[in-house]
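Report on the following structure.
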Amino acid sequence: MARDYVLRRLKREVDLQINYAAELNPQQLAAVTAPPGPALVLAGAGAGKTRTLTYRVAWLIEQGVAPEKILLLTFTNKAAREMMHRVAELLGQELDTLWGGTFHSVGNRVLRRHADRLGWQRDFTILDRNDAEDLLSACLGEAKIDVKATRFPKPDVLMSIFSLAANTGRPIAQVLERQFKHFAGLTAPIEDLERRYTARKQASGVMDFDDLLVLWLRLLRDDVEVRDLYQRRFQFVLVDEYQDTNQLQCDLIDLLAGRHHNVMAVGDDSQSIYSWRGANFQNILRFTDRHPNAAIYKIETNYRSTPEILALANAAIAANLNQHKKQLVAVRKSGPKPALVRCPDAATQAAFVAQRALELREEGVSLNDMAVLYRSHFHALELQLELTRRNIPFSITSGIRFFEQAHIKDVTAFLRLLCNPRDELAFKRLARMLPGIGPKAADKLWARFSEQLPATPPPAADRDEASAPPLLLAPALQAAAEVVPKKSAVPWAQFVATVAQLESPALRGRTAEMLRLIVEAVYEEYAEANFPNAPARLDDIEQLASYAAQFQSLEEFLTQLALLTNVEAEADSRQTGDDEKLRLSTIHQAKGLEFDVVFVIMLCEGLFPSGRSVESPEAIEEERRLFYVAITRAKDELYLSYPLIRATAGAGGDYFQQPSRFLLELPDELVEEWNLTEAAEGPF
């Protein structure tokens with residue numbers, strides 16, 4: 001039996017280059033100078049998390065720990081580079097031997113040295129997402145699965161299923177049951193595909209992004225020699241943004257720190273908002289369960305926001321039962337109370353934000369230092385129009401422009417074709433959505449379909465919804481069935497039946513109900529097979545239906561969509577140059593940023609929190625954390641608003657909107673209510 005014998009280092013006098021007590025507050029100093037052992041550092045918003053990690057690395061090196069004995073794990077390479085650069089500046093020396101980077105970059109570094117121990121090549125190639133999907137498509141062909149004949153998940157969806165299984169440590173069957181229930185009956189062939197995909201990758205000497213972690217973990221678990229090598233090497237493991245780790249990353253950290261137990265996890269459980277992409281909130285919540293002797297350090301001094309904003313943030317997160325309790329404390333002087341603004345409707349809310357932004361600019365606040373935050377892309381539609389009307393420049397950082405997203409273009413293609421049967425692009429988009437129909441088949445179908453249309457369109461007056469009925473498409477679509485590929489006959493018949501329903505006189509002028517019918521008849525099934533985030537996309541379409549309810553005709557709605565699309569395109573074009581721009585962003589994408597002034601809009605029950613989140617207490621708590629993140633982006637001024645009335649896709653027309661439960665949880669004395677009144681019109 002082997003015996004461990006500990007070599008004690010010669011105790012030497014440490015001549016510190018950095019005056020840690022002078023450069024850190026007492027809470028930061030306690031974490032930075034923590035003795036060896038497991039430690040959880042709960043760093044509140046704006047409390048100097050990065051500074052604490054940076055000085056911790058410097059402290060360890062000044063205490064005699066060799067840089068190559070330290071592993072710094074982050075979620076972006078940029079964060080790692082910035083921290084290592086700052087440490088080098090503090091110490092006045094290069095740190096080439098310090099291991100720092102993202103989980104994936106460190107995993108790649110390890111596997112380049114030892115992949116052969118798992119039966120893989122050391123000089124493997126890393127696949128990007130598109131290449132991975134191409135390889136998976138080849139596996140589908142090898143398995144003789146006709147994804148067009150059945151509603152089998154497309155490669156993009158399969159990749160998401162495999163990735164979730166890998167990163168959460170759950171079997172594929174469980175992932176399907178929890179998040180892809182519509183494919184639960186296909187568990188066996190999906191598991192078979194995963195085995196084929198893995199075998200092909202290994203035979204080809206390639207790895208996808210997830211393999212860099214999956215195989216790294218397998219290497220540490222299965223190979224005692226390699227595990228011992230890295231456990232001995234990394235005497236200190238530091239982890240940034242620990243609240244965002246998934247199960248796979250958590251297991252890696254615990255294994256690497258398994259010998260010395262010097263793991264310092266830095267994060268904020270109140271900012272854990274990424275469960276939808278596999279992050280496990282329980283990792284930070286139960287850190288002390290896995291490391292029973294762990295010390296907990298709270299860093300609660302906030303340098304970003306005024307006392308009034310922090311008081312609101314503390315109150316906003318208080319209702320969450322599952323959390324490490326913290327109390328943010330301000331060092332800045334007092335400012336105005338956060339404003340709670342009730343608006344008659346979404347248009348008035350947009351007018352308020354636009355007017356107030358201009359007023360603040362006149363007071364000396366740059367538009368670049370203001371942001372409008374919201375839960376979902378769709379919540380800023382009216383605001384975009386209002387900002388354009390007032391010639392207020394803005395940038396949209398919510399990802400792909402809302403109306404350029406595939407699912408929005410898909411469902412609106414139905415409406416475009418109904419409104420204009422000669423819309424070739426809409427027709428071909430719809431045709432190619434059907435299984436078995438590619439570009440050539442779509443061309444043939446269009447040629448046959450267009451032959452059935454009148455040589456010249458009827459006068460506009462004849463197509464007015466209040467007068468003569470419009471040209472019916474279903475008969476022309478039925479005639480085009482003559483050139484439909486055999487394997488597409490049934491889906492084509494379903495498509496024709498859906499169009500016939502949409503053309504019903506009972507639906508004329510009721511665009512919202514048309515959109516809902518499209519989803520129920522064909523699009524829900526299509527979305528589930530083609531998009532890994534199908535529920536979120538279907539929610540977008542429901543929001544689109546609600547927005548459509550305010551328009552009197554289909555033509556008016558489509559015109560408005562075209563205008564909005566151009567507004568978004570113009571906004572994107574304004575992102576170059578040095579001009580001031582008001583920032584419009586989802587809260588998820590604003591995490592880590594800060595602004596002098598923040599507007600949080602559409603704080604309505606069912607929108608924020610989202611309607612889907614009310615299904616579970618855990619989801620509501622994550623939504624509340626998202627609200628907390630939004631509040632803590634603000635430095636000087638904060639405006640919380642919601643409309644009292646919104647359009648609905650149902651038959652009831654406008655309805656009163658309930659304020660978000662998160663607003664109702666806020667103590668009255670912490671906010672200042674603003675009552676909006678319209679100025680009287682002048683004589684001119």
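Bear in mind that the values here come from a model prediction, so they are computed numbers and not experimental data.
- In this structure a side-chain-to-backbone donor-acceptor pair under 3.5 Å is missing from Ser204 to Val206.
- Checked by atom type and distance alone, the side chain of Glu133 never pairs as donor or acceptor with a backbone atom of Met159 at under 3.5 Å.
- Scanning for side-chain hydrogen bond (donor to acceptor under 3.5 Å, both in side chains) contacts around Ser641 gives Gln349, with sequence neighbours left out.
- Here the closest heavy-atom approach between residue Gly436 and residue Lys487 is recorded as CA-CD, 3.8 Å.
- The residue from Asn533, Asp540, Asp539 that alone fulfils the side chain to side chain donor-acceptor pair (under 3.5 Å) condition with Arg537 is Asn533.
- Qualifying salt bridge (charged side-chain N to carboxylate O under 4.0 Å, His left out) partners for Arg583, counting only residues two or more places apart in sequence or in other chains: none.
- Shown here are the side-chain contact (heavy atoms from CB on, under 4.5 Å) partners of Asn322, two or more places apart in sequence or in another chain: Phe281, Leu285, Glu621.
- Listed here is the closest heavy atom pair of Met433 and Tyr526: O-CE1, 3.3 Å.
- Here the side chains of Leu140 and Pro155 are in contact, with some heavy-atom distance below 4.5 Å.
- Closest non-hydrogen pair, Ala521 versus Thr498, comes out as CB-OG1, 3.6 Å.
- In terms of the side-chain hydrogen bond (donor to acceptor under 3.5 Å, both in side chains) criterion, residue partners of Arg416 (sequence neighbours excluded) are, by chain and number, Asp423.
- Side-chain contact between Pro609 and Phe662: present, with at least one pair of heavy atoms (C-beta onward) separated by less than 4.5 Å.
- Heavy-atom minimum distance, Leu434 versus Pro491: CD2-O, 4.1 Å.
- A donor-acceptor pair shorter than 3.5 Å can be found between the side chains of Ser105 and Thr102.
- The side-chain heavy atoms of Leu582 and Val372, taken from C-beta on, include a pair separated by under 4.5 Å.
- Looking at heavy atoms from C-beta onward, Gln384 lies out of side-chain contact with Leu387 at the 4.5 angstrom threshold.
- Scored by the salt bridge (charged side-chain N to carboxylate O under 4.0 Å, His left out) test, Asp345 finds no partners at all (sequence neighbours excluded).
- Contact check for Phe608 versus Ile587: side-chain heavy atoms found under the 4.5 Å cut-off.
- Considering only residues two or more places apart in sequence or on other chains, Asp210 meets the salt bridge (charged side-chain N to carboxylate O under 4.0 Å, His left out) condition with none of them.
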Query - Stepwise ring pair (Phe, Tyr, Trp, His ring centres under 6.0 Å) test for Phe75 and Phe103 - result: CA-CA 7 Å; Phe75 274 84; Phe103 284 86; 5.6 Å; yes
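- Evaluation of the salt bridge (Lys or Arg N to Asp or Glu O under 4.0 Å) test over residues 427-440, restricted to residues two or more places apart or in two chains, returns Asp410-Arg429, Glu424-Lys428, Lys428-Asp443.
- Looking at Arg510, its side chain does come within 3.5 Å of a backbone N or O of Ala506 through a donor-acceptor pair.
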Report task. Evaluate side-chain contact (heavy atoms from CB on, under 4.5 Å) for Glu622 paired with Tyr274, printing each intermediate quantity in order. Result -> CA-CA 8 Å; Glu622 179 156 334; Tyr274 295 115; 5.5 Å; no
Query raised in the report: Should Ile631 and Val600 be marked as a side-chain contact (heavy atoms from CB on, under 4.5 Å) after you check the CA-CA gap, both sets of side-chain angles, and the distance that decides it?
Result: CA-CA 8 Å; Ile631 291 173; Val600 186; 5.7 Å; no
Report task. Show your working on side-chain contact (heavy atoms from CB on, under 4.5 Å) between Leu538 and His407 and close with a plain yes or no. Result -> CA-CA 8 Å; Leu538 294 172; His407 56 295; over 6 Å; no
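- Looking at every heavy atom in both residues, Cys419 comes nearest to Glu555 through SG-CG, 3.3 Å.
- At a threshold of 4.5 Å between non-hydrogen side-chain atoms, the residues Gln249 and Leu213 count as touching.
- Side chains of Glu382 and Leu385 form no contact here, defined as non-hydrogen atoms less than 4.5 Å apart.
- Annotation for Val214 and Ala166: closest pair CG2-CB, 3.6 Å, computed over non-hydrogen atoms.
- By the side-chain contact (heavy atoms from CB on, under 4.5 Å) test, Ala500 pairs with Ala474, sequence neighbours left out.
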Would you tabulate the side-chain donor-acceptor contacts of residues 168-175 under 3.5 Å, counting partners in other chains and residues two or more places apart, or write 'none'?
residue: Thr168; atom: OG1; partner: Leu164; partner atom: O; Å: 2.5
residue: Arg170; atom: NE; partner: Gln174; partner atom: OE1; Å: 3.4
residue: Arg170; atom: NH2; partner: Gln179; partner atom: OE1; Å: 2.7
residue: Gln174; atom: OE1; partner: Arg178; partner atom: NH2; Å: 3.4

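- Under the salt bridge (charged side-chain N to carboxylate O under 4.0 Å, His left out) criterion, Asp131 pairs with no residue, sequence neighbours left out.
- Looking at Trp120 and Lys201, their side chains come closer than 4.5 Å, going by heavy atoms from C-beta outward.
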Check: residues 181-188 side-chain donor-acceptor pairs under 3.5 Å, at least two apart:
residue: Thr187; atom: OG1; partner: Ala184; partner atom: O; Å: 2.7

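- The pair Arg200-Glu142 counts as a salt bridge, with a side-chain nitrogen and a carboxylate oxygen less than 4.0 angstrom apart.
- Of the inter-residue distances, the one linking Thr198 atom OG1 with Asp211 atom CG reads 7.0 Å to the nearest 0.5 angstrom.
- Ring-plane geometry between Trp492 and Phe427 is classed as perpendicular, the angle between the planes exceeding 60 degrees on a 0 to 90 degree scale with a lower cut at 30.
- Atom CD1 of Ile645 sits about 11.5 Å away from atom SG of Cys604, to the nearest 0.5 Å.
- Using a cut-off of 4.0 Å between Lys/Arg side-chain N and Asp/Glu carboxylate O, Arg516 and Glu513 are scored as not salt-bridged.
- Applying the side-chain contact (heavy atoms from CB on, under 4.5 Å) criterion to Phe551, with sequence neighbours excluded, gives Tyr547, Glu556, Phe557, Gln560.
- From Gln271, atom CD reaches atom NZ of Lys591 across 5.0 Å, with rounding to the nearest 0.5 Å.
- Note: Met602 CE to Leu383 CG = 9.0 Å, rounded to the nearest 0.5 Å.
- Looking only at distances, a side-chain donor or acceptor of Arg633 sits under 3.5 Å from a matching main-chain atom of Leu593.
- Judged by distance alone, the side chains of Gln247 and Asn280 do bring a donor and an acceptor atom under 3.5 Å apart.
- No hydrogens or angles considered: nothing links the side chains of Ser160 and Asp156 as a donor-acceptor pair under 3.5 Å.
- Atom CD of residue Glu241 and atom OG of residue Ser272 lie 10.5 Å apart, to the nearest 0.5 angstrom.
- Here Leu477 contributes atom CG and Phe495 contributes atom CZ; the two are 5.0 Å apart, rounded to the nearest 0.5 Å.
- Within 6.0 Å of atom CZ in Phe209, 12 or fewer heavy atoms from other residues, nucleotides or ligands are found, so the atom counts as exposed in its surroundings.
- We find that Asp208 and Arg129 are not joined by a salt bridge, their nearest charged nitrogen and carboxylate oxygen being 4.0 Å or further apart.
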Query - side-chain contact (heavy atoms from CB on, under 4.5 Å) between Asn167 and Ser163, intermediate numbers included - result: CA-CA 6 Å; Asn167 286 288; Ser163 183; 3.2 Å; yes
